[in-house]
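Letters A, B, ... are given to chains in the order of the sequence lines, protein chains preceding strands, and every chain is numbered from 1.
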Amino acid sequence: MRAVSAGFRERVYEVVRRIPAGKVMGYGHVASALTQPGMARQVGWALAALPGDTDVPWQRVVRSSGHIAAQGAPDRAILQRALLEAEGVEFTADKVDMRRFGFGPEVFLGDPAEREA
DNA sequence: ATAATGACTGGGG
DNA sequence: ACCCCAGCCATTA
């Protein structure tokens, strides 16, 4: 058995599958959705184990900063950006504006004044 | 059982 | 705002 526990992986995939097209979620955010904050790295691990023909929209998961992750797979990183732009996600200086494209109820927990109109 | 690794994160320079 | 470093945690060696 390679990578993370099968159960954990499936939970990650379930969450990722719920991210609507045109939106992105941070690894830490996904981990929180799994009620297991602090496992951002393991979330990335689960996505890294995905096959090329998966139906999981792994491209919608980026770093909290909005930058593309995929360190060990630069080729996948390029593909990821292409897929996201095809979904309508705009990139600025190789980063995504989480304030606009970030998904998840958690993002609304912050101060309302923080939010962009 | 200990040490190294990595699709991460937050704080400090 | 960008780069570097220490902290985290399950999987591997």
Touch check for A/Q42, heavy atoms < 4.0 angstrom, all strands: base, sugar-phosphate only, or nothing? base

Measure from the side-chain heavy atoms of A/A69 and tell me the nearest of C/dG7, B/dA7, B/dT9. B/dA7

From C-beta outward on A/A70, which listed nucleotide comes closest to its side chain: C/dC9, B/dA7, B/dC8? B/dA7

Atom-to-atom span, CZ of A/R11 to C1' of C/dA10 - whole angstrom: 13 Å

Rounded interatomic separation in angstrom, taking CD from A/Q36 and P from C/dT11: 11 Å

Atom OH of A/Y13 to atom P of B/dA7: distance rounded to whole Å? 15 Å

With a 4.0 Å cutoff (strictly under), does any side-chain N or O of A/R41 reach OP1 or OP2 of C/dC8? no

At less than 4.0 Å, is any side-chain N or O atom of A/S64 found next to OP1 or OP2 of B/dG10? Yes or no. yes

A/M39 has a side chain; which of C/dC9, B/dC8, B/dT9 sits nearest to it? C/dC9

Within the structure, does a side-chain N or O atom of A/S5 lie under 4.0 Å from either OP1 or OP2 of C/dA10? no

At under 4.0 Å between heavy atoms, what does A/A48 touch on the DNA or RNA strands: base, sugar-phosphate, or nothing? base

Checking A/Q36 against A/Q42 for the side-chain hydrogen bond (donor to acceptor under 3.5 Å, both in side chains) test, could you report, in this order, the C-alpha distance in whole Å, the side-chain angles of both residues, the deciding distance, and whether it holds? CA-CA 10 Å; A/Q36 306 189 62; A/Q42 283 69 345; over 6 Å; no

Axial cation check for A/Y27 ring with A/R63, 6.0 Å and 45° limits: no

Ignoring the backbone of A/K95, work out which of C/dA10, C/dC2, B/dC8 is nearest its side chain. C/dC2

